[in-house]
Asker: 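Dropping the structure in here first, questions after.
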Amino acid sequence: MAAQKGLDMLLKMDISGTQTTVGGLRSSSITMNDESVDITNKDSLGTRTLLAGAGMNSVSISGSGVFTDSACEVAVRAAYQLQQNTTNGSTANSNLAFETFQFLIPNLGTYTGAFQITSIEYAGEYNGEVTYSMSFESAGYITFAAS
């Protein structure tokens, strides 16, 4: 496989039934984790033994870029606010619905699923552009579709 352009690695959010690219991103990354469960014991003959399929799987996504106030940036910010879902200072609902995001890796495929928006940060220097960064954690099973 030939090298791929980072420009083509996209983070998308469903807005009114249309997968819309989060605008302004300069960099984005995805990390897939599979927690190991160590079941080493005296019968393991000094070799670590892991329990297959026992650990928790998780997917983390992060991105940063130039703030453009695009429709998708607004939707991500609104989804973050909805996650807070508090009334009079107390949590109103512990079963919050998280947004569905897609992470497209060129010539590999697309990861799709529900994610919690775990952080959004805005920054800016007096002589530069406003930037933002955001992080997401999987909140359920993440599917993969090969391209």
Side-chain angles (χ1 to χ4, degrees), residues 1-40 48-147:
M1 175 188 287
Q4 304 300 310
K5 295 185 287 186
L7 172 69
D8 294 333
M9 198 157 69
L10 303 174
L11 175 61
K12 296 183 174 206
M13 178 182 187
D14 185 308
I15 299 178
S16 302
T18 301
Q19 289 298 329
T20 306
T21 300
V22 177
L25 287 176
R26 286 185 174 168
S27 68
S28 52
S29 67
I30 186 168
T31 304
M32 292 159 275
N33 296 299
D34 189 6
E35 179 183 48
S36 61
V37 175
D38 189 338
I39 58 168
T40 306
R48 182 173 72 170
T49 306
L50 300 177
L51 184 58
M56 184 174 20
N57 293 309
S58 65
V59 176
S60 302
I61 293 174
S62 64
S64 63
V66 176
F67 176 66
T68 62
D69 205 26
S70 70
C72 200
E73 288 174 352
V74 169
V76 170
R77 193 170 56 247
Y80 176 79
Q81 296 294 5
L82 286 174
Q83 282 178 186
Q84 306 312 301
N85 198 22
T86 58
T87 305
N88 298 327
S90 64
T91 302
N93 181 0
S94 61
N95 296 317
L96 300 174
F98 296 113
E99 292 293 326
T100 298
F101 288 88
Q102 286 187 336
F103 194 86
L104 182 127
I105 302 171
N107 290 333
L108 180 65
T110 303
Y111 291 90
T112 304
F115 285 85
Q116 177 183 8
I117 304 164
T118 55
S119 72
I120 299 178
E121 177 183 344
Y122 297 95
E125 299 293 327
Y126 76 95
N127 62 344
E129 71 280 3
V130 173
T131 61
Y132 71 95
S133 62
M134 49 183 70
S135 300
F136 309 82
E137 291 293 331
S138 58
Y141 185 75
I142 305 301
T143 62
F144 176 75
S147 55

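In this text the structure is predicted, and so the values were computed from the model without any measurement. Both backbone and side-chain heavy atoms feed into the values below; hydrogens, waters and symmetry mates do not.
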Asker: Give the minimum heavy-atom separation between P106 and K5, together with the two atoms involved.
Answerer: CG-O, 4.0 Å
Asker: Mind checking whether V66 and R26 have side chains closer than 4.5 Å, heavy atoms only?
Answerer: yes
Asker: Go through the steps to decide whether L108 and F144 satisfy the test side chain to side chain contact (heavy atoms under 4.5 Å, CB included), and finish with yes or no.
Answerer: CA-CA 10 Å; L108 180 65; F144 176 75; 4.2 Å; yes
Asker: Under 3.5 Å, which donor-acceptor pairs do the side chains of residues 49-56 form with other protein atoms, sequence neighbours left out?
Answerer:
from : atom 1 : to  : atom 2 : distance (Å)
T49  : OG1    : S44 : OG     : 3.1
T49  : OG1    : T47 : O      : 3.4

Asker: If we only count heavy atoms from C-beta on, is the Y132 to L25 side-chain gap below 4.5 Å?
Answerer: yes
Asker: Check residues 113-121 and write down every donor-acceptor pair under 3.5 Å in which the side-chain atom is one partner and the other belongs to a residue at least two apart or another chain.
Answerer:
from : atom 1 : to   : atom 2 : distance (Å)
T118 : OG1    : S135 : O      : 3.1
S119 : OG     : S135 : OG     : 3.3

Asker: Taking side chain as C-beta onward, heavy atoms only, is I15 less than 4.5 Å from E99?
Answerer: no
Asker: Taking T20 for its side chain and T18 for its backbone only, find out whether a donor-acceptor pair lies under 3.5 Å.
Answerer: yes
Asker: Got a second to check how far S62's OG is from F136's CZ, nearest 0.5 Å?
Answerer: 9.0 Å
Asker: Once you round to the nearest 0.5 Å, how far does CD of Q102 lie from CD1 of I142?
Answerer: 11.0 Å
Asker: When you look at V59 and F103, which way does the side chain to side chain contact (heavy atoms under 4.5 Å, CB included) test go after all the steps?
Answerer: CA-CA 11 Å; V59 176; F103 194 86; over 6 Å; no
Asker: Output the distance between atom CE (M9) and atom OG (S28), rounded to the nearest 0.5 Å.
Answerer: 4.0 Å
Asker: For S27, check side chain to side chain contact (heavy atoms under 4.5 Å, CB included) against everything at least two apart and list the hits.
Answerer: S64
Asker: If you measure from OG1 on T100 to NZ on K12, what distance do you get to the nearest 0.5 Å?
Answerer: 14.5 Å
Asker: Go through the steps to decide whether S58 and S138 satisfy the test side chain to side chain donor-acceptor pair (under 3.5 Å), and finish with yes or no.
Answerer: CA-CA 6 Å; S58 65; S138 58; 5.1 Å; no
Asker: Using atom types as modelled and distance alone, determine if a side-chain donor or acceptor of E73 lies under 3.5 Å from a backbone N or O of F67.
Answerer: no
Asker: Please walk me through it: do I30 and Y111 pass side chain to side chain contact (heavy atoms under 4.5 Å, CB included)?
Answerer: CA-CA 9 Å; I30 186 168; Y111 291 90; 3.9 Å; yes
Asker: What's the separation between atom CD in Q19 and atom OG1 in T112, rounded to the nearest 0.5 Å?
Answerer: 7.0 Å
